[in-house]
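Taking it in order: structure first as structure tokens, then the write-up.
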Amino acid sequence: MVHMNDWLWYLTRSTGIVAAVLAVAALVWGLFFSARNTGTRLKPNWWLALHNWLGGLTLGFIAAHMLFSFLDTDLGVRFIDLFVPGDYLGWAIGWGVIAFWLFAIVVLPSMARIRRRLPRKAWHVVHLLGIPAVVLTAVHAYQAGSDSLSLYFTRGLALLIGIAVYPITIRLLGLAQRRRAAA
């Protein structure tokens, strides 16, 4: 017989994995879109809408991950631990809390009503926080994950890191080329 806390453990774990995959997907889509490497088959507003949708889904799955972590009494997560990193649960959980706040800071101002009121440079700087948020998500998953030393986890994490690093590299190379051409 499977106990309720066993189900909550599976839900906590699965929502965390899905949130991490969605975070990388949103990052990749955003970087390809901003580098204008999306081709001409689909209109830019489609790419932007997909990027925004992935960011919103990421935040939703992070919220579900936090809720299931709180409901699983075996984990010992207090309500305050969901929002304030500290020594009670250690930094393995604290990195996840900081990543949550970074994702919230990135996703919420991207809503159309708020974005229109922000200067473009301010929005851009805030939006770049998505990169350290993904990095902290990987650190959180590695340090707090129950199977972080398994072969599947390490290969999956390496794959997600590779998928995230590729568009960052393309974007940085494109920026360097534009600067050289302008000089």
Side-chain angles (χ1 to χ4, degrees), residues 16-63 65 85 91-145 148-149 151-183:
I17 291 168
V18 171
V21 170
L22 287 170
V24 169
L27 178 71
V28 168
W29 252 257
L31 288 166
F32 277 139
F33 178 72
S34 68
R36 290 161 182 66
N37 287 340
T38 55
T40 57
R41 284 188 66 191
L42 298 170
K43 296 187 184 291
N45 61 348
W46 182 88
W47 286 94
L48 181 60
L50 180 60
H51 170 66
N52 290 340
W53 184 72
L54 288 169
L57 272 179
T58 300
L59 202 55
F61 271 90
I62 290 171
H65 178 65
W91 279 102
I93 304 299
W95 298 127
V97 173
I98 294 169
F100 157 71
W101 284 113
L102 289 175
F103 278 119
I105 289 169
V106 169
V107 172
L108 296 177
S110 295
M111 295 165 50
R113 283 186 169 171
I114 299 170
R115 184 172 179 202
R116 280 187 236 128
R117 296 178 184 188
L118 288 175
R120 180 165 165 66
K121 285 196 182 236
W123 174 84
H124 182 72
V125 168
V126 166
H127 220 64
L128 287 175
L129 291 175
I131 295 170
V134 169
V135 170
L136 288 178
T137 299
V139 171
H140 166 70
Y142 183 76
Q143 289 184 347
S148 61
L149 298 178
L151 187 62
Y152 291 115
F153 178 85
T154 53
R155 285 184 178 170
L157 187 61
L159 178 66
L160 285 177
I161 290 169
I163 289 170
V165 167
Y166 175 71
I168 292 170
T169 305
I170 287 176
R171 183 73 171 114
L172 292 175
L173 290 174
L175 289 172
Q177 284 177 345
R178 274 194 242 146
R179 286 188 181 151
R180 269 188 253 129

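None of the values given here were measured: they were computed from a predicted structure.
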Separation between [atom1] of [X] and [atom2] of [Y], rounded to the nearest 0.5 Å:
| X | Y | atom1 | atom2 | value |
| --- | --- | --- | --- | --- |
| Leu31 | Leu128 | CG | CG | 8.5 Å |
| Leu173 | Arg178 | CG | CZ | 11.5 Å |
| Thr137 | Leu157 | OG1 | CG | 10.5 Å |
| Trp95 | Ile98 | CH2 | CD1 | 5.0 Å |
| Phe103 | Leu129 | CZ | CG | 10.5 Å |

Taking every non-hydrogen atom, the tightest pair across [X] and [Y]:
| X | Y | value |
| --- | --- | --- |
| Ala99 | Ala133 | CB-O, 3.7 Å |
| Gly94 | Pro85 | CA-CB, 3.6 Å |
| Thr58 | Ala23 | OG1-N, 3.3 Å |
| Pro167 | Val28 | CG-CG2, 3.7 Å |
| Gly55 | Ala26 | N-CB, 3.8 Å |
| Pro109 | Ala104 | CD-O, 3.7 Å |

### Task
Report yes if the side chains of Leu27 and Ile168 come closer than 4.5 Å at any heavy-atom pair, otherwise no.
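Heavy-atom side-chain distance check passes, below 4.5 Å.
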### Query
With His127, which of Leu118, Val106, Ile105, Val107 fulfils side chain to side chain contact (heavy atoms under 4.5 Å, CB included)?
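One option only clears the test, and that one is Val106.
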### Task
Identify which one of Leu59, Val24, Val21, Leu22 satisfies the side chain to side chain contact (heavy atoms under 4.5 Å, CB included) criterion when paired with Leu54.
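Checked Leu59, Val24, Val21, Leu22 against Leu54; only one passes side chain to side chain contact (heavy atoms under 4.5 Å, CB included): Leu22.
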### Message
If you count heavy atoms of other groups shown closer than 6.0 angstrom to CZ of Phe153, is the number above 12?
### Response
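Enclosed: over 12 neighbouring heavy atoms sit under 6.0 Å from CZ of Phe153.
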